[in-house]
Amino acid sequence: MEKNLAVFASGNGSNFEAIAKACQNKRINAQIALCVCDHPGAYVTERAKRLNIPVLELRPGNFPNKQEYEKEILKELKNQNIDFICLAGYMRIVGDTLLSAYPSKIINIHPSLLPAFKGVDAIGQALDYGVKVFGVTVHFVDNTLDGGKIICQAAIPYTGNDREELEAMVHAREHALYIEALKVLL
Ligand code: GAR
């Protein structure tokens, strides 16, 4: 049966769009029933509107705490019968409200070979370190920064120093790996 996905994103949304296209092309047996964005007006919301995908835009700062913020999200996830949550550039640690409502059903993508280079600007961190094999990880989400059991990884050997070129390689690999992970999990 076709699963209902929610994709959480904070910014650009290229992974969101890659998942949306894979659903449309039936490469995965799912549809994105909701886009959740914690930065109202972020480019991902424009992509969602163009693709006719409902968007929930929330400012976490408008809630007294993470629990109340996530309860509001949970209400909408239930309304939309969401089965599975994909974090795609969602730059926020998921709390117990969502984790306990969706056990082993929340996954994330991160642009490094975890557990190396967690957090913001993983590609820049790895470049600064002088890494020669970059990569991408899809993992289950726990309540720590980019933490949780790894589902799949892809290595990207790169010895140049052109950040733009490397970023393009990493993002292209991300888009493919996220779909591969979803194919297995769904
Ligand atoms: C992606 O590279 C994703 O792996 C990263 O944010 C980018 C979002 O790009 N996520 C993290 O760093 C999570 N810690 P996108 O908005 O174009 O999909």
Side-chain angles (χ1 to χ4, degrees), residues 5-25 27-28 30 32 34-51 53 55-58 60 66 70 73 84-95 98-99 102 105-129 131 133-156 158 162-182 185:
L5 307 180
V7 177
F8 287 33
S10 302
N12 176 34
S14 69
N15 280 285
F16 163 83
E17 186 151 349
I19 297 169
K21 295 260 159 74
C23 292
Q24 279 177 351
N25 301 337
R27 280 186 291 139
I28 49 178
I32 304 181
L34 186 66
C35 168
V36 176
C37 180
D38 62 341
H39 276 94
Y43 188 55
V44 68
T45 64
E46 286 180 38
R47 293 185 195 256
K49 285 166 197 164
R50 180 161 30 86
L51 293 163
I53 294 171
V55 186
L56 177 66
E57 296 180 69
L58 295 172
K66 189 192 282 274
E70 290 196 341
I73 296 176
F84 211 87
I85 297 172
C86 300
L87 309 186
Y90 180 67
M91 303 309 269
R92 199 165 282 282
I93 291 176
V94 176
L98 291 177
L99 287 170
Y102 285 91
K105 296 225 162 77
I106 309 180
I107 63 173
N108 180 42
I109 190 155
H110 185 73
S112 77
L113 291 173
L114 287 172
F117 309 118
K118 296 181 175 189
V120 175
D121 191 21
I123 299 173
Q125 292 183 53
L127 267 178
D128 288 348
Y129 212 87
V131 154
V133 180
F134 295 78
V136 175
T137 303
V138 178
H139 63 96
F140 288 107
V141 169
D142 66 17
N143 62 358
T144 65
L145 178 67
D146 295 317
K149 195 161 189 211
I150 289 170
I151 299 163
C152 54
Q153 293 185 305
I156 304 167
Y158 182 76
D162 181 340
R163 188 184 162 121
E164 255 177 52
E165 179 184 54
L166 173 61
E167 277 183 351
M169 288 166 72
V170 170
H171 291 312
R173 200 65 195 87
E174 283 192 319
H175 301 160
L177 194 71
Y178 220 154
I179 306 314
E180 284 167 34
L182 282 166
L185 292 170

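First listed ligand is number 1; within each ligand, the first listed atom is number 1. Atoms considered below: every heavy atom in the structure, side chains included; atoms not considered: hydrogens, waters and symmetry mates.
- Interface atoms of ligand 1 facing D146, defined by a heavy-atom separation under 4.0 Å, are 13 (C), 14 (N).
- For atom 5 (C) of ligand 1, the nearest protein heavy atom (residue, atom name, distance) is P111 CD, 3.7 Å.
- Contact atoms of ligand 1 toward G13: 15 (P), 16 (O), 17 (O), 18 (O) (distance under 4.0 Å to a heavy atom of the residue).
- Of the heavy atoms in N12, both backbone and side-chain atoms come closer than 4.0 Å to ligand 1.
- By the criterion of a heavy-atom distance under 4.0 Å, neither the backbone nor the side chain of K118 is placed next to ligand 1.
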In sequence, state the C-alpha distance, the side-chain angles, and the governing distance for L51 and Q24, and then conclude on side-chain contact (heavy atoms from CB on, under 4.5 Å).
-> CA-CA 10 Å; L51 293 163; Q24 279 177 351; 3.8 Å; yes
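- For M91, the closest heavy-atom approach to ligand 1 falls below 4.0 Å.
- In this comparison of H110, R92, E167, R47, the heavy atom closest to atom 11 (C) of ligand 1 sits on H110.
- With respect to the salt-bridge test (charged N to carboxylate O, under 4.0 angstrom), the residues E167 and R173 do not qualify.
- Ligand-side atoms of ligand 1 in range of I109: 3 (C), 4 (O), 10 (N), 13 (C), range being under 4.0 angstrom from any heavy atom.
- Summarising the local packing, NZ of K105 is surrounded by 12 or fewer heavy atoms from other residues, nucleotides or ligands at distances under 6.0 Å.
- Taking a 4.0 Å cut-off on heavy atoms, A9 fails to register as neighbouring ligand 1.
- Between F117 and V131, some side-chain heavy-atom pair lies under the 4.5 Å cut-off.
- Contact check for I19 versus C86: side-chain heavy atoms found under the 4.5 Å cut-off.
- Residues I106 and F84 are not in side-chain contact: their nearest non-hydrogen atoms beyond the backbone lie 4.5 Å or more apart.
- Remark: minimum distance from atom 9 (O) of ligand 1 to any protein heavy atom is reached at N15 ND2, 3.9 Å.
- For the pair I107 and I151, the minimum side-chain heavy-atom distance is below 4.5 Å.
- The ligand atoms of ligand 1 that sit less than 4.0 angstrom from a heavy atom of G89 are 6 (O), 8 (C), 10 (N).
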Report the C-alpha distance between T144 and I93 in whole Å, list the side-chain angles of each, state the deciding distance to 0.1 Å, and finish with yes or no for side-chain contact (heavy atoms from CB on, under 4.5 Å).
-> CA-CA 6 Å; T144 65; I93 291 176; over 6 Å; no
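- Looking at E174, H175, H171, it is E174 that brings a heavy atom closest to atom 3 (C) of ligand 1.
- Here the protein heavy atom with the shortest distance to atom 17 (O) of ligand 1 is S14 OG, 2.6 Å.
- A salt bridge links E17 with K21; the closest basic N to acidic carboxylate O contact falls under 4.0 Å.
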